[in-house]
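Below: the structure, in structure tokens.
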2 protein chains.
Amino acid sequence: MSLDARDVRILRSIAENDSTSPERIQEETNIPKSTVHYRIKNMKDRGVIKNDLFEIDFEKAGLGLTVISEVLAEFGEGYQEEVGKALAEIEGVNEVYFMMGDTDFIVISRLPSRDMVETLVEEFEAVDGIQRTSSKFVISSIKADESVGILRDYSEETLLNSHGLDETVEKIE
Amino acid sequence: MSLDARDVRILRSIAENDSTSPERIQEETNIPKSTVHYRIKNMKDRGVIKNDLFEIDFEKAGLGLTVISEVLAEFGEGYQEEVGKALAEIEGVNEVYFMMGDTDFIVISRLPSRDMVETLVEEFEAVDGIQRTSSKFVISSIKADESVGILRDYSEETLLNSHGLDETVEKIE
DNA sequence: TTTGAAAAACTTATTAC
DNA sequence: GTAATAAGTTTTTCAAA
């Protein structure tokens, strides 16, 4: 099944403190660390939590330039899949979204310097089936929540409702 | 200073195996785990690594709907900052990028269901200074690397060059 | 900065509720 | 599912190089 109030509380505690330590979570949530561990393991088994990661500062890691591109592809039977995969394999491409509406893609890339942008665009346009591309530089990343950190962007209520739980459930405790 | 060949090797080992375990990194890189730990701590101190996180499955966490929006704002003195911050505070908004070119923003939001999209768009348009918004649904996330995972998208050479290091440096070892 | 060895923390297993 | 405990691992700290 999906998440319950306790799972949500644990995930939010991780998101808000940027720490996955069971002991710290116990201190904040009053859920015993053995239970915290049981819950986290459970979420890992169900695939809700995929893996441990470090969040990095892209700029300090040498990838200070972010480019967002719109890629328009030719219409065709199941074509999107192939075009999308080809875009995903280009060096520097971190995200590829296949969008509703027109047959196009939004592509987010991070690069060390402007020199590489030209190469990137050339590689986009070399992909078979590409019709038109339009790339813009990001001046500043005003917000860039990732991974479990995105849970900070929701009220506890929203997260619970999304699993069909109302506040009654939360009040069990 | 920035990253050297050893830092890059450690970060890539983490990215490629989706694991931050010093012991595993030692096995893969032959760098002793206490040294691995020292390097990671060092990168944390310098802010290259920001924090420990879990990667989550957005869909399983109840946030299966991704929306990418383009927001056009009115021109104005330092206006962008305020508009950007206001957008960032809207529930469901995970990423806000201030773009070059026209005075606009790219906003990435994740939501539990379509019901909330209307609310989202209304909230966008209620922000002072907003001129026009255009939102599209993501049909599928073909690629969605995050955090340290994005380092998989680069050759070791590119990552080293971005810190002004050539292959000579790497051959020290 | 690099390590090996010691201390602390985390994970797993076991049990009882 | 929850939670306590104990045993086994792993991570983190620390002192020496």
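Note on naming: letters A, B, ... go to the chains in the order of the sequence lines (proteins, then strands), and numbering restarts at 1 for each one.
- For R39(B), no side-chain nitrogen or oxygen approaches OP1 or OP2 of dT3(C) to under 4.0 Å.
- Residue D7(B) forms a salt bridge (Lys or Arg N to Asp or Glu O under 4.0 Å) with just one option from R12(B), K44(B), R46(B), and that option is R46(B).
- Atoms CG (D45(A)) and P (dT12(C)) sit 10 Å apart, rounded to a whole Å.
- Across all strands, K33(A) comes closer than 4.0 Å to no nucleic acid atom at all (heavy-atom distances).
- Taking atom CD of E23(B) as the reference point, atom P of dT12(D) lies 11 Å away to the nearest angstrom.
- Side-chain contact between I31(B) and I25(B) is absent, with no heavy-atom pair separated by less than 4.5 Å.
- If you measure from atom CG of N42(A) to atom C1' of dT12(C), you get 15 Å, rounded to the nearest angstrom.
- Distances shown here put every side-chain N or O of T35(A) at or beyond 4.0 Å from the OP1 or OP2 atom of dG1(D).
- Taking atom CD of residue E27(B) and atom C1' of nucleotide dT11(D), one finds them 14 Å apart after rounding to whole Å.
- Residue H37(B) places no side-chain N or O under 4.0 Å from the OP1 or OP2 atom of dT11(D).
- Of the charged side-chain nitrogens involved, none lies within less than 4.0 Å of a carboxylate oxygen, so that K50(B) and D57(A) do not count as a salt-bridged pair.
- One interatomic measurement links the two molecules: CD of Q26(B) to P of dT12(D), which rounds to 14 Å at whole-angstrom precision.
- Distance from the side chain of Y38(A) is smallest to dG1(D) among dA3(D), dG1(D), dT11(D).
- Atom-to-atom, NZ of K44(A) to P of dC10(C) comes out at 13 Å; the value is rounded to the nearest Å.
- Of the side-chain N and O atoms in R24(B), none sit less than 4.0 angstrom from OP1 or OP2 of dT10(D).
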Item to check | Residue pair S155(A), E91(B): steps toward the side chain to side chain donor-acceptor pair (under 3.5 Å) verdict | outcome: CA-CA 8 Å; S155(A) 70; E91(B) 185 174 27; 3.2 Å; yes

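- For the pair R114(A) and F137(A), the distance from NZ or CZ to the six-membered ring centre is under 6.0 Å and the angle to the ring normal is within 45 degrees.
- Here S21(A) does not reach the OP1 or OP2 of dA9(C): none of its side-chain N or O atoms lies under 4.0 Å away.
- Computed from coordinates, the I31(B) CD1 to dG4(C) P distance equals 13 Å when rounded to whole Å.
- Here the P atom of nucleotide dA9(C) and the CD1 atom of I40(A) are 17 Å apart, to the nearest Å.
- For P32(A), taking side-chain heavy atoms from C-beta onward, the closest of the listed nucleotides dT3(C), dT11(C), dA4(D) is dA4(D).
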